[in-house]
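Structure, as structure tokens:
Nothing fancy with the numbering, it's 1 onward along the sequence. Counting starts at 1 for both ligands and their atoms, in listed order.
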Amino acid sequence: MGNLRFLLLAVIVAGGGFYWFGNQQDVPFTGRSQFVTVGLDQASALGEEAYNEILSQSDVVTRGETAAMVERIGRKLADVAAPENPGFEWQFTLVDSPQANAFALPGGYTAVYTGLLPLTVNEDGLAAVIGHEMGHAIARHGSERMSQQQVVQVGAVAVGLLLGDQSIELQRIAMQAFGLGAQYGFALPFSRLHEEEADYIGLILTARACFDPREAPKIWERMSAAGNGQPPEFASTHPSHATRIDNLNKWMPDALAVGEASCGSEQ
Ligand SMILES: [Zn+2]
């Protein structure tokens, strides 16, 4: 019995390794290698479905200057992102809501909430937030997270096999430890990495589309000054506002050079 279990375990580990290394792809803009098993078409279909579901329950703004501004900024950013992701059907919607939030779902389905506008202040600031959300979609962070969850489930099966002879109590404790390890050793570090990557892609996109990238760190300064409250997606508490501001300032010379190359020196 024991030998059979270890043979199964070896098959899972070896198969998992092949699966992991066989499904690596490069993230546009950053070149990071990521594990993604979800196809672009499948992810986009899920994104579109979720988007329509959310918008059907939201107060969508279709008229007026602000909705037009969101659309105009989004199109400019989508145009300059096209070389890196030719497959997206970008959509940009303004939602009337006091929430300071924005999101972009797989496939490019993007929404901005009116509650965000006091923080973004001007078009360059709004471009920074839309660019950040587009960065998540372009880097396929949602699909990467889904793919990683599959691996964690396989890992849980492997742990179960390994401890099959042990007491129920020990198995329960080991599973809890495995769950915590997966959360703090895997999911949270990746969530911080995703935020950082979206910040970087957003900064480069805004500069390429001739917005002023120097507005991006100012938004986080305003967020810090505004104090606590429910942290919206784009303001995920990991990494801290200070870390984000430091990173954005570190990347700023590159972004300004990209802006100058795309738009001339009038910025
Ligand atoms: Zn984000």
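Side chains of Tyr51 and Thr93: a donor on one and an acceptor on the other come within 3.5 Å. Defined by atom type and a distance below 3.5 Å, a donor-acceptor pair is missing between the side-chain atoms of Gln24 and Gln34.
Closest N/O/S atom of Glu195 to the Zn ion (ligand 1): OE1.
Ring geometry, His132 versus His136: the interplanar angle exceeds 60°, so the pair is classed perpendicular (tilted spans 30 to 60°).
Considering CD of Glu84 and CZ of Arg208, their distance stands at 4.0 Å, rounded to 0.5 Å.
The nearest N, O or S atom of Glu133 is not closer to the Zn ion (ligand 1) than 2.8 Å.
Here the Zn ion (ligand 1) is the vertex; the NE2 atom in His136 and the NE2 atom in His132 give an angle of 100° (to 10°).
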